[in-house]
2 protein chains.
Amino acid sequence: MTIEMDKDITNAEWEVMRVVWAQTEVPSQVIIDVLTDKRGWKEPTIKTLIGRLVKKGALKTRKDGRKFLYSTDIKEDTLVNETLDQFFHNICSKDIGKTIGVLIDEAMLSHDDVALLKEKLIQKEAVAYDTVPCNCMKGQCQCHHHR
Amino acid sequence: MTIEMDKDITNAEWEVMRVVWAQTEVPSQVIIDVLTDKRGWKEPTIKTLIGRLVKKGALKTRKDGRKFLYSTDIKEDTLVNETLDQFFHNICSKDIGKTIGVLIDEAMLSHDDVALLKEKLIQKEAVAYDTVPCNCMKGQCQCHHHR
DNA sequence: AATTAAAGATTACACTTGTAAACGGAAGTG
DNA sequence: CACTTCCGTTTACAAGTGTAATCTTTAATT
């Protein structure tokens, strides 16, 4: 059972989603308050974004008197991971390791985070490759040059 | 000295960039061959993408008889990392660790990759936090709920 | 030199996205 | 009950994107 959504979440829409994720159900006024403050957007702008998210199935509504309460079935970490996975398709699979390396370099991590990641790496060792196979189309990465 | 570019690279344009990155200088014909094959795009489509990339300063041209050779000053890993950094702004800094964890889980890694990442984690330990501070605006993540 | 063919430039066009104003209906207030 | 206010809906509009046809220039060929 996957939550199917019509379309991708745009950058502006992502701001709205974050407000909804931070709560369980929010009235539009809360979203508007947070984002007029954070982004300086006008109220109608935020209303548009909310409307588009509802239309594309990313937000659910529940009537509460005269207004709506907004919520979502999409889990934040699920969407984050899907988005990242999609982006990683732009990279040669051989380079994923190094790319994650840069992320680690730049991240602020807690001791617990470090421990978690170390643990994952230990597990990963069991299934690690001698050489990660390149998944690129011929002509789209340099692996194909040196055999 | 940073390479400044007018605008972001779109998904479709990314495909073109990958072809250029795979070589040093490419004639349009090569880009067209690779992408008609990979994506089924028509020749004019790919020409449009090339043109837009030139216009936005992502591709350089050098005349070679009747045609151009295309190249770029933008380094692939630089752009990859910038793009990822930008995306990570959508996530609470407290969650970056776990997010990287999922990436590790899903990645195909070589033994060398695992060793590299382990090494980085060891270094990271020295600067790891007890608690990563939340960088979210109030109202955009749950950290603010529990104190 | 005239003809052809390749390659870049111009035009097209619908859809998306960022940003917002204006409208309309329902709920609350006097 | 009339008036105002709140909130969702409709309309707007320029710029960006995906996708592509057509035009134009210029080099190559006969």
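In what follows, chains carry the letters A, B, and so on, assigned in the order in which the sequence lines appear, proteins first and then strands, with residues in each chain numbered from 1.
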* To do: Please report, rounded to the nearest Å, how far the C1' atom of dC6(D) is from the CG atom of Asp33(A).
  => 13 Å
* dA20(D), dA7(C), dG8(D): which one has an atom nearest the side-chain heavy atoms of Ser28(A)? -> dG8(D)
* **Side-chain (Asp113(A)) to main-chain (Ser110(A)) donor-acceptor, under 3.5 angstrom** => yes
* To do: Looking only at side-chain atoms of Lys47(A), point me to the closest of dT9(D), dA7(C), dA21(C).
  => dT9(D)
Provide a list of protein-nucleic acid N or O atom pairs under 3.5 angstrom, restricted to nucleotides 28-30 of chain D.
none

* Structure fact -> Taken to the nearest whole Å, NZ/Lys63(B) to P/dT25(D) is 13 Å
* Within the side chain of Trp21(A), is there an N or O that forms a donor-acceptor pair under 3.5 Å with the backbone of Gln142(B)? -> no
* For the pair made of CZ in Phe68(A) and P in dC6(D), what is the distance, rounded to whole Å? -> 18 Å
* Asked: Can you list the steps and then say if Thr99(B) with Phe87(B) is a side-chain contact (heavy atoms from CB on, under 4.5 Å)?
  -> CA-CA 12 Å; Thr99(B) 303; Phe87(B) 176 72; over 6 Å; no
* **Whole angstrom value for the distance that separates P of dG8(D) from NZ of Lys42(A)** => 20 Å
* Structure fact -> Glu43(B) CD to dT19(D) P, in whole Å, measures 16 Å
* Rounded distance in Å - NZ (Lys55(A)) to C1' (dT17(C)) -> 12 Å
* Do the side chain of Ser93(A) and the main chain of Pro133(A) share a donor and acceptor less than 3.5 angstrom apart? -> yes
* To do: Check whether any side-chain N or O of Gln29(B) sits under 4.0 Å from OP1 or OP2 of dA6(C), and answer yes or no.
  => no
* Would you say the side chains of Glu82(B) and Gln86(B) form a donor-acceptor pair under 3.5 Å? -> no
Report, one pair per line, the protein and nucleotides 16-18 of chain D atoms (nitrogen or oxygen only) whose separation is under 3.5 Å.
{"from": "dG18(D)", "atom 1": "OP1", "to": "Ala12(B)", "atom 2": "N", "distance (Å)": "3.3"}
{"from": "dG18(D)", "atom 1": "OP2", "to": "Thr10(B)", "atom 2": "OG1", "distance (Å)": "2.7"}
{"from": "dG18(D)", "atom 1": "N7", "to": "Arg52(B)", "atom 2": "NH1", "distance (Å)": "2.9"}
{"from": "dG18(D)", "atom 1": "N7", "to": "Arg52(B)", "atom 2": "NH2", "distance (Å)": "3.4"}
{"from": "dG18(D)", "atom 1": "O6", "to": "Arg52(B)", "atom 2": "NH2", "distance (Å)": "3.1"}

* Please report, rounded to the nearest Å, how far the P atom of dC7(D) is from the CD1 atom of Ile46(A). => 13 Å
* To do: Could you tell me whether the side chain of Lys124(B) and the main chain of Leu109(A) form a donor-acceptor pair under 3.5 Å?
  => no
* Asked: Okay, side chain of Lys120(B), backbone of Asp105(A): is any donor-acceptor separation there less than 3.5 Å?
  -> no
* Asked: Do other residues, nucleotides or ligands put more than 12 heavy atoms under 6.0 Å from Lys42(A) NZ?
  -> no
* Exam field: side chain Gln140(A) to backbone Glu15(B), donor-acceptor pair closer than 3.5 Å -> yes
* To do: Would you kindly give the NZ-to-P distance between Lys67(A) and dC7(D), to the nearest whole Å?
  => 5 Å
